[in-house]
Amino acid sequence: MSSIPENAPQHCPGTQSEDAGKASACAGCPNQNICASGEASRPDPAIELIKNRLSNVKHKILILSGKGGVGKSTVTSLLGHGLAARNANMNVGILDADICGPSQPRVLGVRGEQVHNSGSGWSPVYVTDNLSLMSIGFLLGSPDDAVIWRGPKKNGMIKQFLSEVDWGQLDYLLVDTPPGTSDEHLSAVQYLLGAGLSGAVVVTTPQEVALLDVRKEIHFCNKLHLTVLGVVENMSLFVCPNCKVSVTGDGNKAHNLNKR
Amino acid sequence: MLDYVKRVILVLSGKGGVGKSTVSTQLALTLKESGYRVGLLDIDLCGPSVPYILNLEGQSIHQGPYGWVPVYLDNEQNLGVMSIAFLLESRNDPVIWRGPKKTAMIKQFLEDVCWDELDFLIIDTPPGTSDEHITVMENLRQVPQCSAILVTTPQQVAIEDVRKEITFCKKTGIPILGIIENMSGYECPNCSECTNIFSSGGGKSLAEIAKLKFLGSVPIDPRVGKLAGQGIAAVKEFPDSKTSKVFGELAQSLAY
Ligand SMILES: Nc1ncnc2c1ncn2[C@@H]1O[C@H](COP(=O)(O)OP(=O)(O)OP(=O)(O)O)[C@@H](O)[C@H]1O
Ligand code: SF4
Ligand SMILES: [Mg+2]
Ligand SMILES: [Zn+2]
């Protein structure tokens, strides 16, 4: 996977590419020496670190959606609760990788909790005995605080979450992501592939605008060789409490999508 | 860069799916119906929905002598649109880009599109407070005629994300025009009873607390949902709806 530093010129071939430091775009780039030496193309040492850290985690699942507000975070929390409730001996962890809009602390009802840093790393917040959560929301001072970060800083945070949180023994780690196909997603995939990533669950709503973005998300998974474990259609129908008539979006659209 | 643009309006929300693209397109359409020349720039690079909503999918941008020529909705060229979707081969192609590449693209959108004279340039943004937003803010800081509209839904999660967006605007020095609450209540097409699916009024009280102007609440209206994909203004199609009232008033308050 190629990566392009913040200070690289527009046509940077990517520090992991064969042309790194040698392409015509590299002339005058401040990173040219490092790139030409091959130093930058070595695999990120964090990958190995994360592999070790997550060696006690059986299944790692990414929750994705192209569109915002389709209920990814709600689906993630329901899935987490569902898995944890099924078997008291099973341990489930949720990592909130939505750095700019973390909503898991609120959705899981643990807002305002603190995370502690012990010798073995950050300990997550326990929602129940066997359901734990890590989110940047726990690190912010006030709900008004905005995380105004560009990609590289967000990537650093995700790397830190993956390599420094002490989850203990986990059967499932669910990673909730922000909408889109950008830094957070690429980093999560990049770091987790080495540790063994089970696949992705894609969440959508029945409207065409949402389905449009979900198709992009499925192509994203295909490009990164990520298994799509399933597509969840959220909010497919609304039952009017007054007349009890249910109003559907185009409820069967998501099923068709699944077949492709 | 945007010398011939009289006013720039950014449509922002921390949370995704609250209706930024719906508000951007309906605002642009309403302003066009009011006789203004309008540009609509979609900087949601990973999930562009403006071309779909305006029924402009499959069109492409060409390079003219003075830069990229936007895609026009109407023959009179009163509503021009620029989106990354016009540069993709297929509507299903994902744009898998990290920040720096997105930044470069947005700079190009701001510098190399030949809008001609515009009364309004509306900018639809992706959710969040990251690369796209920082870039657009940094580049628009020198543009004195720029301001932002914040979109929220009544749920607490959305309200919280808008509070972050207020902090963001304050930090970057972009004035906030006001807050719109979208999807506030649901009008049943069967019995026209209005149900509050989510609690309502959160946007209004947030506006009061933050001392911002409240620009109105738009209910969930299946007719509005259906306009997506057609490129028709609600004010033209359903002039009597609550939605049209909100957008009509908003357009009027922007008149100069
Ligand atoms: N007032 C409304 N009544 C009915 N449907 C609506 C209304 N507002 C938005 N919608 C529908 O909700 C969905 C999300 O809206 P939209 O795409 O405008 O949100 P967005 O904030 O731009 O999302 P994203 O963060 O993913 O860019 C769309 O299907 C849209 O048609
Ligand atoms: S020197 Fe490295 S960082 Fe700079 S353009 Fe070349 S590959 Fe990219
Ligand atoms: Mg949008
Ligand atoms: Zn009803």
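Residue numbers start from 1 in every chain, and the chains themselves are labelled A, B, ... in the order their sequence lines are given, proteins ahead of strands.
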Applying a strict 4.5 Å limit to non-hydrogen atoms, the region of Lys154(A) in contact with chain B is side chain

Contacting region of Asn155(A) [heavy-atom separation from chain B under 4.5 Å]
side chain

Of all heavy-atom pairs between [X] and [Y], which one has the smallest distance, and what is that distance?
X: Gly99(B); Y: Ser182(A); answer: N-OG, 4.5 Å
X: Lys216(A); Y: Asp93(B); answer: NZ-O, 3.2 Å
X: Leu186(A); Y: Trp97(B); answer: CD1-C, 4.5 Å
X: Trp149(A); Y: Ile134(B); answer: C-CD1, 3.9 Å
X: Lys164(B); Y: Leu140(A); answer: NZ-CD1, 3.8 Å

Mind checking the [atom1]-[atom2] spacing from [X] to [Y]? Nearest 0.5 Å is all I need.
X: Asn92(B); Y: Ile218(A); atom1: CG; atom2: CD1; value: 9.0 Å
X: Ile99(A); Y: Thr129(B); atom1: CD1; atom2: OG1; value: 10.5 Å
X: Tyr52(B); Y: Leu211(A); atom1: OH; atom2: CG; value: 9.0 Å
X: Glu165(B); Y: Ile148(A); atom1: CD; atom2: CD1; value: 8.5 Å

Are more than 12 heavy atoms from other residues, nucleotides or ligands located less than 6.0 Å from atom CD of Glu89(B)?
no

Quick one, Lys15(B) with Ser103(A), criterion side-chain contact (heavy atoms from CB on, under 4.5 Å). Give me CA distance, side-chain angles, the key distance, then yes/no.
CA-CA 10 Å; Lys15(B) 186 94 192 130; Ser103(A) 47; 4.2 Å; yes

Option in Gly229(B), Pro100(B), Gly19(B) with maximal non-hydrogen atom pairs under 4.5 Å from chain A:
Pro100(B)

Option in Pro94(B), Pro48(B), Ala104(B) with maximal non-hydrogen atom pairs under 4.5 Å from chain A:
Pro94(B)

Please flag which part of [X] lies under 4.5 Å from any non-hydrogen atom of chain A: side chain, backbone, both or neither.
X: Pro126(B); result: neither
X: Lys20(B); result: neither
X: Ile53(B); result: side chain

Are any non-hydrogen side-chain atoms of Cys12(A) and Lys101(B) less than 4.5 angstrom apart?
no

Side chains of Arg163(B) and Asp145(A), heavy atoms from C-beta outward: is any pair under 4.5 Å?
no

Ignoring hydrogens and geometry beyond distance, is a side-chain donor-acceptor pair present between Arg150(A) and Thr103(B) at under 3.5 Å?
yes

Test your reading of the model: is there a side-chain donor-acceptor pair from Thr167(B) to the backbone of Ala146(A), 3.5 Å cut-off?
no

Would Asp131(B) and Asp183(A) count as a side-chain contact (heavy atoms from CB on, under 4.5 Å) here? Give the steps.
CA-CA 10 Å; Asp131(B) 294 280; Asp183(A) 287 285; 3.8 Å; yes

Per-residue tally against chain B (heavy atom, under 4.5 Å) across Pro143(A), Gly101(A), Ser65(A) peaks at Pro143(A)

